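Notes follow once the structure below has been shown.
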Amino acid sequence: MSAAPIEALFIPFYADIDRWHNDPSPLDEGAPPPLVPAVGLSARRARMRPWALWLDGGAYDLTRFLSWVGTGSTLTHERFDAFRISPLAPHHHASFLTSRGHEVRVAPVVNRRTLARLAAAYQPRFVLLSTSFFVELDVLGPAVAHLRQSFPEAAIVLGGQLLLELSKILTEPAFRLVLRRLGADAYVVSARGESALAAILECGSRAGLLAAPDLPATYVLTGGVARPPARPVDDEIPLADGWVRWRGQRDALYHTVNVRSSRSCAYECAFCSFPVNQGPHAVMPLESFARELDELAACQGVRTLVFTDDTLNVPLPRFKALCRLLQRYDFQWYGLFRPQSADQEAVQLMKASGCAGVFLGLESADDRVLANMTKHTSVAQLRRGVELLREHGIWTHGNFIVGFPGETEASAWKIPALADELELDTFCASLFILVPSTPIQARRAEFDLEGQYADWRHATMTSQQATELASAVAGGARRAIHLSDLTTQLFWGTILLQTSGVTREETRVIFRAFDRLRGQEIGGATLRAAADVAQVRVILERRGLAPAGA
């Protein structure tokens with residue numbers, strides 16, 4: 001069967017599977033080579049050594065651990081990958097572009113091994129790749145090369161948060177040099193991108209795109225030169241009309257779907273570039289979001305919603321109205337939640353409307369560090385909000401940052417103690433990343449702050465000290481279970497398990513087993529004999545996630 005001609009294929013993320021599992025496999029036959037050279041893989045594996053399980057010399061994240069426990073190999077790891085949850089951005093753009101008469105297919109969980117299947121199924125004129133989930137630039141160029149090899153006639157178009165971030169921190173010549181080296185045909189540099197993508201697809205072909213004289217917010221690579229956009233800003237689509245027409249994409253949906261009811265963030269935390277890139281906080285009118293809920297209700301099989309709103313419960317009266325709206329439907333839901341902006345009524349409404357769990361951006365267990373972060377809260381306020389959630393049986397995952405300016409060893413060790421005191425189900429203690437576009441940059445002198453990204457120092461700590469502390473703190477809790485930031489996308493991995501039928505207690509058993517094993521060098525025979533691993537196997541069989549008796 002020949003590949004079906006389509007206008008555009010949207011890839012929300014291109015997974016770098018080689019950091020985990022690059023041994024010979026039948027799936028590698030005809031696949032492109034690994035994304036980065038072996039020396040690069042070795043360096044990155046060294047950085048993630050404390051967070052991975054090292055089984056018979058190979059690196060395993062949680063998805064590959066579960067696949068191995070269930071089947072004896074890593075080949076089924078994608079069923080545990082949180083990217084199976086239907087992503088918002090590509091479906092949002094597909095909805096908008098379809099309303100403009102374009103044809104867009106979404107292809108989640110894409111890697112170099114799955115490209116052959118995609119190339120056999122589709123012959124797109126445009127391949128749209130989001131960079132929002134890329135954290136390492138050295139992976140992006142090879143990913144573009146793989147797409148070019150699989151779809152040689154297509155125009156390769158990149159967009160997303162990584163490009164937006166780079167445009168803010170690099171000089172214009174340096175940014176254009178990066179674009180040239182990445183090797184795509186066009187780059188949308190916009191917080192939104194809807195009208196820019198529409199203008200690109202209206203070019204009709206790669207040749208039409210390369211010849212287009214005036215595309216909004218889009219750099220076009222011609223003759224080895226990244227031509228800057230004549231119009232640096234694309235038209236903004238009103239949020240009231242930004243609801244997703246899901247029915248037109250129902251065949252591509254998983255039973256769990258990412259949604260949003262607002263844009264950007266109501267806070268301006270010193271470590272976060274999200275509001276810098278996304279602009280002022282804005283909420284979708286509830287009558288518009290109700291239309292989106294109606295669309296999802298009409299898609300049989302969609303059972304769970306995951307709100308990606310960065311401040312879902314702000315402002316609080318609007319959040320309560322949202323919960324009352326959700327009570328009209330039969331969805332369970334998860335979301336990001338600010339415990340300092342909660343009261344008894346709000347949490348009661350959450351539970352009644354189907355809330356199963358929340359991601360809590362707690363960030364620190366020390367009031368002085370919270371003040372440095374401009375979190376506008378205190379440990380006491382966080383404690384009161386989390387206690388309300390616990391009283392109503394809502395799953396809680398707490399996120400903490402280790403090493404922010406003002407951090408000391410004593411303040412970092414408050415994290416596991418607070419995680420246990422709050423009876424968090426899971427938590428993450430991750431290294432502070434000094435992103436150049438974040439508000440903390442304006443306060444460098446205040447904290448004697450130097451460096452960028454994962455290499456920095458300030459008056460009270462260095463990044464190396466913080467890295468070692470984060471690893472130690474992760475193992476310091478007695479009750480709360482630590483999830484590393486490499487554990488199948490943290491909270492979204494929890495959601496994937498629980499929406500696949502795994503109970504809350506079974507989820508804890510799985511996470512506790514993996515957390516015990518992370519960082520260890522272990523052999524297959526030893527692992528099979530472990531009691532907690534046997535428990536995980538039983539759970540996977542019970543929930544239909546592994547063949548019985550295999």
Side-chain angles (χ1 to χ4, degrees), residues 7-8 10 12 86-106 126 128 130 132 157 159-161 164 188-203 215-218 229 231-253 257-266 274-275 277-299 302 305-315 317-319 321-326 328-329 331 333 335-336:
E7 187 173 12
F10 199 124
S86 294
L88 173 61
H91 289 289
H92 166 80
H93 284 90
S95 171
F96 169 76
L97 293 168
T98 299
S99 73
R100 296 290 186 93
H102 299 288
E103 178 192 20
V104 181
R105 302 289 178 89
V106 177
F126 295 86
L128 314 176
S130 173
S132 292
V157 180
Q161 293 302 306
L164 192 60
V188 176
V189 183
S190 168
R192 311 284 184 264
E194 295 100 334
S195 59
L197 283 178
I200 287 170
L201 297 191
E202 285 161 11
C203 294
L215 295 172
T218 302
R231 290 180 288 155
V233 179
D234 61 328
D235 299 329
E236 184 170 314
I237 307 305
L239 196 55
D241 193 44
W243 57 278
V244 180
R245 283 69 168 170
W246 293 99
R247 267 183 283 202
Q249 305 171 62
R250 69 180 74 195
D251 293 342
L253 298 184
V257 173
N258 283 294
V259 298
R260 69 166 183 181
S261 72
S262 64
R263 187 169 58 208
S264 193
C265 180
F274 190 60
N277 291 333
Q278 290 293 316
H281 182 237
V283 298
M284 182 183 293
L286 288 182
E287 56 268 26
S288 295
F289 190 64
R291 299 178 73 177
E292 182 164 336
L293 292 175
D294 289 339
E295 290 273 324
L296 286 164
C299 298
V302 175
L305 311 180
V306 184
F307 283 91
T308 62
D309 306 51
D310 206 56
T311 42
L312 180 62
N313 57 314
V314 177
R318 191 260 186 184
F319 174 66
L322 173 63
C323 288
R324 293 187 181 99
L325 172 62
L326 287 165
R328 292 163 30 190
Y329 300 85
F331 297 118
W333 63 271
L336 283 67

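Quick caveat: nothing in here was measured; it's all calculated off a predicted structure. We use all heavy atoms of the structure for the numbers below, so side chains are in, but hydrogens, waters and symmetry mates are not.
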Side-chain heavy atoms of Leu312 within contact of Leu336, under 4.5 Å: no
Minimum heavy-atom distance Leu305-Val259, with the two atoms named: CB-CG2, 4.2 Å
Expected output: side-chain Thr218 to main-chain Pro216 donor-acceptor under 3.5 Å: yes
Step-by-step side-chain contact (heavy atoms from CB on, under 4.5 Å) determination, Leu215 to Cys203: CA-CA 10 Å; Leu215 295 172; Cys203 294; 4.0 Å; yes
Backbone N/O of Leu286 and side chain of Arg291: donor-acceptor pair under 3.5 Å: no
Smallest separation among heavy atoms of His93 and Arg192, with atom names: NE2-O, 3.2 Å
Residue pair Trp333 / Cys323: nearest heavy atoms and the distance that separates them: CZ2-SG, 4.3 Å
Asp310 side chain to Cys265 backbone, donor-acceptor under 3.5 Å: no
Heavy-atom pair with the smallest gap, counting every atom of Ala290 and Tyr329: O-OH, 3.4 Å
Any Leu97 side-chain heavy atom under 4.5 Å of Glu7 side chain: no
Straight-line distance of His92 NE2 to Ile237 CD1, nearest 0.5 Å: 7.5 Å
Pairwise distance NE2(His281) to CZ(Phe274) - rounded to 0.5 angstrom: 9.0 Å
Rounded distance [0.5 Å steps], OG1 in Thr98 versus CD in Gln249: 6.0 Å
N/O donor-acceptor pair under 3.5 Å between Ser264 side chain and Gly279 backbone: yes
Backbone N/O of Ala240 and side chain of Ser288: donor-acceptor pair under 3.5 Å: yes
Reported CG-to-CG distance for the pair Asn313 and Leu322, which is rounded to 0.5 angstrom: 10.0 Å
Val244 and Leu88, any side-chain heavy atoms less than 4.5 Å apart: yes
Close side-chain approach of Val188 and Leu128, heavy atoms under 4.5 Å: no
Value rounded to 0.5 Å, distance of CZ in Arg231 from OG in Ser195: 7.5 Å
Closest approach of Ser86 to Ala252 (non-hydrogen atoms, all atoms of both residues): OG-O, 4.1 Å
Beyond-backbone contact of His91 with Val106, side-chain heavy atoms, under 4.5 angstrom: yes
Worked verdict on Ser130 versus Phe10 for side-chain contact (heavy atoms from CB on, under 4.5 Å): CA-CA 8 Å; Ser130 173; Phe10 199 124; 4.2 Å; yes
Within-4.5 Å side-chain heavy-atom neighbours: Phe126 and Val104: no
Output field: ring centroids Phe289/Phe307 closer than 6.0 Å: yes
NZ/NE/NH1/NH2 to OD/OE distance under 4.0 Å, Glu295 and Arg245: no
Distance-only side-chain donor-acceptor flag, Thr308 / Asn258, under 3.5 Å: no
Beyond-backbone contact of Leu239 with Arg260, side-chain heavy atoms, under 4.5 angstrom: yes
Chi angles and distances behind the side-chain contact (heavy atoms from CB on, under 4.5 Å) call for Val302, Phe331: CA-CA 8 Å; Val302 175; Phe331 297 118; 4.2 Å; yes
Arg250 versus Ala298, closest heavy-atom pair with distance: NH1-O, 3.5 Å
Approximate separation, where rounding is to 0.5 Å, of Asp309 CG and Arg263 CZ: 11.5 Å
Side chains of Ser261 and Arg318, donor plus acceptor under 3.5 Å: yes
